[in-house]
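This report refers to the structure that appears directly beneath it.
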Amino acid sequence: MSKAGLRQRPRGKEKDMYEVSKRDKDEEKWPYTNGQLDPFAKAIGAAVVIVMTILITYFRYQQYLRDIIITPVDSHLIIPANGSWPTVTPDRFWGTYRHSKEELKTDMTTIARPQAYFGVKSRSKTSPLFGLMWMSQLTNQMPPPLRHWCDQGDRLESYVWLKHDGENFGVQEIKEKLFTIKTEFVKQPGGDHGGDWSARISFIPKDPAVSVVVSSFFYTALDQDNGWLEPKFTKGRLTSVHGWHEDLGNFDLQMPNIEATNEVKAGVKSQIKHSYFVSHAKQLDQLKDILVNGLKVEAWDKGRTQPYFTLSGRRVPRDVPGPNYVVKQVTAHLPFTMEVIYQSGSFLYRQDQLSKESFSTLIRSNEEEFDAKFEKVFHLEQRGYSLNEINFAKAALSNMLGGIGYFYGSSLVQSRYNTEPVNYWEAPLYTAVPSRPFFPRGFLWDEGFHNMLISMWNSEISKDIIGHWIDLMNTEGWIPREQILGVEARAKVPSEFVVQRNTNANPPTFFLPLQGLIKEMIQSNKTSDKAYLKALYPRLKRWFDYYNTTQKGDLPFTYRWHGRDSSLTKQLNPLTLTSGLDDYPRASHPTTDERHVDLRCWIALAAGVMRDIARSLGQEWQKYEDTHDLLTDNKLLDKLHWSSKAQQYSDWGLHTDNVRLEKPKPPANQHPSQRHQHMDTDKIRVVLTEPTKQFVNAFGYVSLFPFLLKIVDANSPKLDRILSDITDPTKLWTDFGLRSISRNSKFYGRFNTEHDPPYWRGPIWINMNYLCLSALHHYSTVDGPYRERARTVYTNLRKNLVANIFKEYEKTGYIWENYNDKTGEGKGSHPFTGWSALVVLMMAEIF
Ligand SMILES: *[C@@H]1O[C@H](CO)[C@@H](O)[C@H](O)[C@H]1NC(C)=O
Ligand SMILES: *[C@@H]1O[C@H](CO)[C@@H](O)[C@H](O)[C@H]1NC(C)=O
Ligand SMILES: *[C@@H]1O[C@H](CO)[C@@H](O)[C@H](O)[C@H]1NC(C)=O
């Protein structure tokens with residue numbers, strides 16, 4: 001963008017000069033010419049200079065405006081440039097972070113590649129990739145499906161990190177119909193490159209009497225610009241890969257031969273077949289396709305007619321420097337177990353290779369440590385939970401930690417000065433993700449909730465994550481809310497989903513975990529924490545200002561989510577994606593004087609946390625206190641947002657709920673042969689009653705915000721009213737948690753367009769229920785007339801939520817995006833162990 005701008009600027013200048021000098025040439029006709037420079041020509045010359053200066057300044061200014069959005073805030077980074085190096089954070093260098101930018105390239109249907117079922121990479125931005133694929137053999141399918149990326153379409157019975165501590169180890173169970181795969185991963189520190197790691201992958205039949213043959217494929221791949229690979233063979237079998245990488249130095253991946261665990265089973269002589277693939281991948285997103293192309297069919301044994309797929313050996317084109325993709329295939333009757341052992345070249349004096357007994361011992365000691373820490377942090381045994389319930393909670397936490405990814409790239413962004421989207425600067429992002437198969441990328445407002453849980457478990461991980469996010473701030477104090485890093489992601493995705501606009505905010509949920517983290521950092525008195533806070537604070541100030549200024553409403557001290565589109569014709573109620581509650585009904589006709597009660601409450605929360613941080617850092621805190629007092633003033637809040645007619649807190653704006661989606665009527669004079677065209681068009685919104693300026697009378701999560709964020713005065717009768725409304729089964733109460741909007745609302749369960757089913761219009765969402773429990777907990781501990789009542793509601797709501805999420809997990813194998821308000825059934829993407837994993841904190845009563 002800036003290059004194109006520079007190219008155009010001189011051209012404009014030349015044109016002006018040319019035009020002026022041409023006029024100069026014609027000056028014979030002009031009356032004042034007599035051989036010397038006359039005053040008129042001088043005046044013209046001066047004018048030219050002035051005009052040019054103005055033009056240059058103008059174009060520079062335009063360029064400046066266009067660049068604002070991609071200018072980083074001028075402030076120290078929280079995570080320094082070397083923050084992910086193995087010498088700085090060795091514990092987090094290697095991990096199960098498999099959704100890198102290389103893997104975002106080609107998927108046609110989703111925005112980013114999901115996470116691999118099992119893969120390992122480092123936090124080097126060009127890290128080599130290691131991973132598992134598998135395939136059932138001797139089936140009647142041609143070829144049988146090859147598993148690699150988490151995909152709901154695979155219809156696996158479940159795949160769960162049973163234990164994962166986010167740093168040292170993880171144990172996962174993947175359930176196919178006929179067999180289970182256990183993937184165990186553990187690290188061992190040493191040397192300068194993050195040490196060693198090993199993985200053990202076990203294929204276990206569900207019914208030992210049924211003969212199942214499965215192939216396991218374990219691969220190593222890297223980009224040849226950054227390193228090389230060299231396969232090693234013993235007696236014709238691939239037994240290791242030696243390699244070098246710019247950030248890892250020398251390394252070895254050993255793949256020892258598996259031993260036949262079952263010589264003779266059910267009359268079938270056990271066979272183990274080995275093969276390999278040594279190849280070249282131009283792009284690392286094509287590993288699966290390249291592998292499929294490298295398969296050939298062979299006979300398994302004389303007795304079997306079904307096909308057996310095996311890899312075809314060395315296939316390296318002549319014109320490349322050498323292989324960069326090496327795969328070992330092992331095929332056997334189940335059960336069998338294989339190990340892969342990664343050893344770092346700079347780790348010189350290791351006692352034991354991480355294999356066999358030493359692997360088992362290390363995994364076991366990590367598991368024991370995990371179990372002990374889990375109990376120490378969450379006290380679930382002490383609270384009397386059953387073993388199954390505790391294992392469920394461990395899986396919820398572990399899946400959140402196991403889903404953490406490390407991304408590198410830039411988002412596409414656009415401001416009103418850019419006619420085309422432009423690239424944000426390239427940057428790393430270490431973040432958890434909402435869902436491994438479906439939302440495998442960073443989402444700003446989800447991440448605040450994620451870190452409520454993560455910070456309880458390991459505050460170092462949280463600080464690392466939050467630091468990476470806050471470092472993405474531009475000079476306006478804006479952070480793009482969805483992180484779709486990597487050029488490749490965009491080509492296939494409609495731009496309205498990809499391009500992030502700087503007018504659009506998203507709830508500043510990081511203030512929720514930051515409250516506790518900052519207290520902890522101030523108390524710790526560690527040098528690293530001091531440096532962190534020093535870099536964090538100016539950025540938070542900027543962030544707060546962004547919300548407090550750009551999201552202002554027309555009236556003083558009101559706020560509105562900017563970026564709602566009033567020009568849409570197909571949406572029943574224009575979306576408010578910025579609020580995080582996409583289709584939750586707001587004013588039907590977006591205007592600049594509408595006001596949003598949830599945003600006001602978020603900013604009030606932020607002001608309060610800013611006051612606390614500023615005070616404890618010895619910084620100027622009074623203005624945050626003033627803003628906080630103002631925004632939590634119940635009188636002003638009631639004046640702006642309490643609808644006395646509906647007896648609830650509400651948004652205010654130009655609104656009618658008397659709207660409907662209808663097929664557009666064909667024009668009366670249309671020829672019958674053109675009729676069918678109209679059959680294909682989408683329904684459009686028809687406004688049956690003209691909108692008026694009023695409180696928006698939908699009742700649901702948004703109406704609860706002053707209560708959810710603990711702003712309602714504990715003595716306020718409005719608190720009593722809210723407690724009545726949430727416990728009313730015709731409104732929000734269900735046996736499974738609070739539904740998103742009242743059953744009585746006109747928008748309850750309604751599609752927003754012909755194709756968009758209700759999302760925040762009925763289902764039960766766990767993040768909002770968590771905030772609700774937190775509020776009830778608060779009101780049941782502070783003095784006030786409704787304290788006992790709050791306690792009762794708290795107890796019942798907590799019981800319902802935990803019981804239902806657990807029940808659905810036992811029944812379906814998954815934790816879900818949201819839950820049906822009539823049946824409690826899990827709905828939407830799964831596993832969804834982003835904020836739905838907050839169930840752990842509900843069980844532990846940590847708010
Ligand atoms: C990382 O960078 C910081 C400066 O940003 C420096 O003080 C520190 O020594 C570096 N650490 C390593 C291990 O290179
Ligand atoms: C924090 O560290 C400083 C020195 O760096 C020391 O003077 C102070 O007493 C420490 N405070 C606490 C609470 O440990
Ligand atoms: C927030 O904005 C209001 C004006 O809308 C201003 O009066 C107040 O001082 C601001 N708060 C802070 C902390 O900057």
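Remember, it's 1-based here, ligands and their atoms both numbered in the order they're listed. Note: hydrogens, waters and symmetry copies are ignored here, and every other heavy atom, side chains too, is used.
Those atoms of ligand 3 with a heavy atom of F544 less than 4.0 angstrom away are 12 (C), 13 (C). Taking a cut-off of under 4.0 Å to the non-hydrogen atoms of K552, the atoms of ligand 3 that pass are 5 (O).
The aromatic ring centroids of W94 and Y406 lie 6.0 Å or more from each other. F130 and W197 have their aromatic ring centers within a separation under 6.0 angstrom. Here the two rings, on F847 and H777, have centers that are under 6.0 Å apart. In summary, the aromatic rings of F705 and Y649 are positioned with their centroids too far apart to meet the 6.0 Å limit. For F707 and Y779, the ring centers are positioned less than 6.0 Å apart. For W469 and F443, the ring centers are positioned 6.0 Å apart or more. F449 has its ring centre no less than 6.0 Å from the ring centre of Y770.
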Between the protein and ligand 1, which nitrogen or oxygen pairs come in under 3.5 Å, and how far apart is each?
{"unit_1": "ligand 1", "atom_1": "2 (O)", "unit_2": "N82", "atom_2": "OD1", "d": "3.3"}
{"unit_1": "ligand 1", "atom_1": "2 (O)", "unit_2": "N82", "atom_2": "ND2", "d": "2.3"}
{"unit_1": "ligand 1", "atom_1": "11 (N)", "unit_2": "N82", "atom_2": "ND2", "d": "3.0"}
{"unit_1": "ligand 1", "atom_1": "14 (O)", "unit_2": "N82", "atom_2": "ND2", "d": "3.3"}

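For the pair Y624 and ligand 3, the shortest N or O to N or O distance does not fall below 3.5 Å. Here's the thing with N548: one of its N/O atoms is less than 3.5 angstrom from an N/O atom of ligand 3.
A salt bridge does not link E594 with R560: none of the charged nitrogens is closer than 4.0 Å to a carboxylate oxygen.
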